[in-house]
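Sequential numbering from 1 along the given sequence is applied to the chain's residues.
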Amino acid sequence: MATLVALGLGLLAFVTSLKLMRAEDVGARLVATARTAGATMAAPDLGDAEKEAAMRAAAGRLFLGFFRIGGIGLAALGLSGLIVWAGAALGLYTMAEALALASDGVFLLASGAIATALWVALPKAGRGRRPEGERAARPDDIPYGRADRALHRLAFAGPGLQKALAQVETDRYADRIDLATARRPVFVTSLARAGTTILLEVLARQGEFAAATYRHMPFALAPLMWSELTRGFRKPADAVERAHGDGLTVGFDSPEAFEEMAWLAFWKDQYARDHIRPWPQEAANPAFERFFELYRAKVVATRPGAERYLAKNNASIARLGYLQRICPDATLLIPVRDPMAHVRSLMRQHARFGRLHAQEPFGRRYMEGIGHFEFGQALRPILFDGAPPAGDEAAHPDFWLRYWADVHEGVLATAGAGAVFLDHDALSADPRRHLPVLARALGLQDRAALAATAPRFRAPRPAAPPEDADRALLARVREVHAALIARCLIRAPAPVVPLRRPRARAEA
């Protein structure tokens, strides 16, 4: 009996050690590196020099990975063996008895089943402790199981695999890809929390548009192929409240901002560790521009009857001039929100995602994998002006007020004739009046269908300036906001000032 107990404790120690040393992550990275290397070698758009450099880097990562996974295995086996040896040293049994039981066929089958159950049951190492009084992350916040997470880690491991799959997709589905549908795209962009999501949702309901959806994840750069491969495994499109906690719901058929994955795959140098660099208007990347045109047409091909590409991408405020140059027929739809309400919303979401990322590290990995660097531990501000701000300053409203002003000054300076500014507060307060104006600006075929989405909008609530905000900064923000509203196609009507009648002269 003592021998069985000791071997059981050793098994528990072995599995727990592998969890604590993150053997699963190391193994997943090894597999991802090997697959990415293979995809890189097969990529027809890469030269021999690029392939050789990529393979050298992959070989180094594989060597270190194998060394690390071997060390983790030896350490786990050592701890397990130490427990068994300790029992023999205490005279509870002999090592010969322990070895005989450990090599028994029945014991091997049973211990394998138990080890598998332990592996699934034990939590993954690295989860942060939540602050006292905070709720744990719900399944709705990060609605992915273990298999889904492993698949996402593989997809996010490097751009090589995604780009290689996209090339295979281009060859295989050439008859379904119509480059004409890549023309006249609509890019919805603004600083996060400006009302981009509601615009994406109501526009995606129009039959002429197609946008990326959760069905395309995690291999979002090969939407046709991945949709085809997963057709038999599709989950129901039940909608749940998204992780922002703002009342908006998402399901597998909901449109979402996945376009940034294409930019991440081709513009690595624009993404620094703690900020994002804006794109110059004259930037050039022919490989990306060919890929991006094909990608837009592929997304349109996933929705029968669609003719135009639609995307929401908050990071596109960093590349307005470049986007207008490579897509001269595009419409850049830029909502503008009252800065005081906007900053309060940004601060609330940053704090919310900071807690979520501490409780569930996969949440941060997911956001970084799809290029969402707006909040929490994934925050990377777009650096329009000045030095990168310190991340620990983001708890103070001045950080977000300054960021709001920097971003929108950059937008005003780089938005060209293809940009359509709209006052999100005016649209939300009176959507029946303003939606037909938006429909005309976008050249929609069925303008009445867009007007019918008016019930989706809610009148905004007024917000007071933060009490501890810098006064000069508040004045700067108000000045920038006034300049933005002056450019808005949709804005609140000017207040009507009643004329005063002159007083009648008193009779003599």
> Just wondering, do Leu401 and Pro339 contact through their side chains at under 4.5 Å, heavy atoms?
Replying inline: no

>> With a sphere of 6.0 Å drawn around CZ of Arg183, does it hold more than 12 non-hydrogen atoms of other residues, nucleotides or ligands?
In response: no

>> So, taking the atom named CG in Leu191 and the one named CD1 in Ile334, what distance separates them when rounded to the nearest 0.5 Å?
In response: 12.0 Å

>> Rounded at 0.5 Å granularity, tell me how far CG in Asp178 sits from CG in Asp175.
In response: 11.0 Å

> Would you call the rings of Tyr366 and Phe362 parallel, tilted or perpendicular if under 30° counts as parallel and over 60° as perpendicular?
Replying inline: tilted

> How far apart are the C-alpha atoms of Tyr173 and Met225, what are their side-chain angles, what is the distance that settles it, and do they pass the side chain to side chain contact (heavy atoms under 4.5 Å, CB included) test?
Replying inline: CA-CA 8 Å; Tyr173 297 96; Met225 178 181 291; 4.0 Å; yes

>> Just to verify, what does Phe457 make a ring pair (Phe, Tyr, Trp, His ring centres under 6.0 Å) with, not counting sequence neighbours?
In response: none

>> If the condition is salt bridge (charged side-chain N to carboxylate O under 4.0 Å, His left out), which residues does Glu259 pass it with, not counting sequence neighbours?
In response: none

> Do you know the tightest heavy-atom contact between Thr302 and Val299?
Replying inline: OG1-O, 2.5 Å

>> Going by the rule salt bridge (charged side-chain N to carboxylate O under 4.0 Å, His left out), which residues pair with Glu374 if we only count those two or more places apart in sequence or in a different chain?
In response: none

> Considering the options Phe292, Phe187, Tyr295, which one meets the ring pair (Phe, Tyr, Trp, His ring centres under 6.0 Å) requirement together with Trp263?
Replying inline: Phe292

>> To the nearest 0.5 Å, what is the distance between CG on Leu435 and CG on Leu203?
In response: 9.0 Å

>> Test your reading of the model: is there a side-chain donor-acceptor pair from Lys298 to the backbone of Ala166, 3.5 Å cut-off?
In response: yes

>> Closer than 3.5 angstrom, by distance alone: can the side chain of Thr331 be matched with the main-chain N or O of Val186 as a donor-acceptor pair?
In response: no

Using a 3.5 Å cut-off and no angle test, enumerate the donor-acceptor pairs between side-chain atoms of residues 279-287 and protein atoms at least two apart in sequence or in another chain.
| residue | atom | partner | partner atom | Å |
| --- | --- | --- | --- | --- |
| Asn285 | OD1 | Phe288 | N | 3.1 |
| Asn285 | ND2 | Phe266 | O | 3.2 |

> Any donor-acceptor pair under 3.5 Å linking the side chain of Asn314 with the backbone of Thr189?
Replying inline: no

> Hey, which of Trp400, Phe399, Phe373 is the one that makes ring pair (Phe, Tyr, Trp, His ring centres under 6.0 Å) with His350?
Replying inline: Trp400

> Quick one: OH on Tyr403 to CD on Glu393, what's the gap to the nearest 0.5 Å?
Replying inline: 14.0 Å

> So, does His372 use its side chain to make a donor-acceptor pair with the main chain of Ala378 at under 3.5 Å?
Replying inline: no

>> Could you tell me if the side chain of Leu379 sits less than 4.5 Å from the side chain of Pro381, heavy atoms only?
In response: yes

> So how far is it from Arg344 CZ to Gln349 CD, rounded to the nearest 0.5 Å?
Replying inline: 14.5 Å

> How far apart are the closest heavy atoms of Leu179 and Leu294, and which atoms are they?
Replying inline: CD2-CD2, 3.9 Å

>> Apply side-chain hydrogen bond (donor to acceptor under 3.5 Å, both in side chains) to residues Tyr309 and Glu293 and explain how you reach the verdict.
In response: CA-CA 10 Å; Tyr309 173 76; Glu293 183 182 29; over 6 Å; no

>> Run His216 and Ser227 through side chain to side chain contact (heavy atoms under 4.5 Å, CB included) and show every step you take.
In response: CA-CA 6 Å; His216 302 158; Ser227 297; 3.4 Å; yes

> Below 4.5 Å, heavy atoms only, C-beta onward: do Val336 and Val411 meet side chain to side chain?
Replying inline: no

>> Going by side chain to side chain donor-acceptor pair (under 3.5 Å), name the residues that satisfy it together with Glu368, two or more places apart in sequence or in a different chain.
In response: Arg364

> What's the shortest heavy-atom distance between His357 and Gly363, and which atoms?
Replying inline: CD2-C, 3.7 Å

>> Tell me every residue that passes salt bridge (charged side-chain N to carboxylate O under 4.0 Å, His left out) with Asp406, counting only those two or more places apart in sequence or in another chain.
In response: Arg476

> Do you know the tightest heavy-atom contact between Ala210 and Arg303?
Replying inline: CB-CB, 3.9 Å

>> Going by ring pair (Phe, Tyr, Trp, His ring centres under 6.0 Å), name the residues that satisfy it together with Phe421, two or more places apart in sequence or in a different chain.
In response: none

>> If I compare all heavy atoms of Leu200 with all of Ala311, which pair ends up nearest, and what's the gap?
In response: CD1-C, 4.4 Å

>> Tell me every residue that passes side chain to side chain donor-acceptor pair (under 3.5 Å) with Ser316, counting only those two or more places apart in sequence or in another chain.
In response: Arg319

> Passes side chain to side chain contact (heavy atoms under 4.5 Å, CB included), Val202 versus Leu450? Steps please.
Replying inline: CA-CA 7 Å; Val202 298; Leu450 184 63; 4.2 Å; yes

> So, do Leu310 and Gln206 sit near enough that their side-chain heavy atoms are less than 4.5 Å apart?
Replying inline: no

> Between Arg337 (side chain) and Arg193 (backbone), is there a donor-acceptor pair under 3.5 Å?
Replying inline: yes

>> Can you list everything that forms a ring pair (Phe, Tyr, Trp, His ring centres under 6.0 Å) with His408? Sequence neighbours excluded, please.
In response: Trp404

Show which side-chain atoms of residues 440-447 pair as donor or acceptor with protein atoms under 3.5 Å away, not counting sequence neighbours.
| residue | atom | partner | partner atom | Å |
| --- | --- | --- | --- | --- |
| Gln445 | NE2 | Glu307 | OE1 | 2.9 |
| Asp446 | OD1 | Ala448 | N | 3.4 |
| Asp446 | OD1 | Ala449 | N | 3.2 |

>> Could you work out, with ring pair (Phe, Tyr, Trp, His ring centres under 6.0 Å) as the rule, every residue matching Phe258, not counting sequence neighbours?
In response: Tyr214

>> With a 4.5 Å cut-off on side-chain heavy atoms, are Pro159 and Leu264 touching?
In response: no

>> Taking Leu320's backbone N and O only, do any of them form a donor-acceptor pair with Thr414's side chain (distance below 3.5 Å, no angle check)?
In response: no

> Testing Glu260, Arg277, Arg380 for side chain to side chain donor-acceptor pair (under 3.5 Å) with Tyr271, which one passes?
Replying inline: Glu260

>> Applying side chain to side chain contact (heavy atoms under 4.5 Å, CB included), can you list everything that pairs with Arg205, at least two apart in sequence or on another chain?
In response: Thr453, Arg456

> Below 4.5 Å, heavy atoms only, C-beta onward: do Val480 and Leu484 meet side chain to side chain?
Replying inline: yes

> Would Ser190 and His424 satisfy side chain to side chain contact (heavy atoms under 4.5 Å, CB included), going step by step from the backbone distance to the final call?
Replying inline: CA-CA 11 Å; Ser190 189; His424 172 72; over 6 Å; no

>> Could you tell me if the side chain of Leu333 sits less than 4.5 Å from the side chain of Val420, heavy atoms only?
In response: yes

> Looking only at heavy atoms, which two atoms of Met261 and Pro218 are closest? And how far apart?
Replying inline: CE-O, 3.6 Å

>> Is any side-chain heavy atom of Ile317 closer than 4.5 Å to one of Pro278?
In response: no

>> Quick check against the 3.5 Å criterion: does Arg487 have a side-chain atom that pairs as donor or acceptor with the backbone of Ala419?
In response: no

>> Main chain of Lys163, side chain of Gln167: is a donor-acceptor contact present, judged purely on distance under 3.5 Å?
In response: no

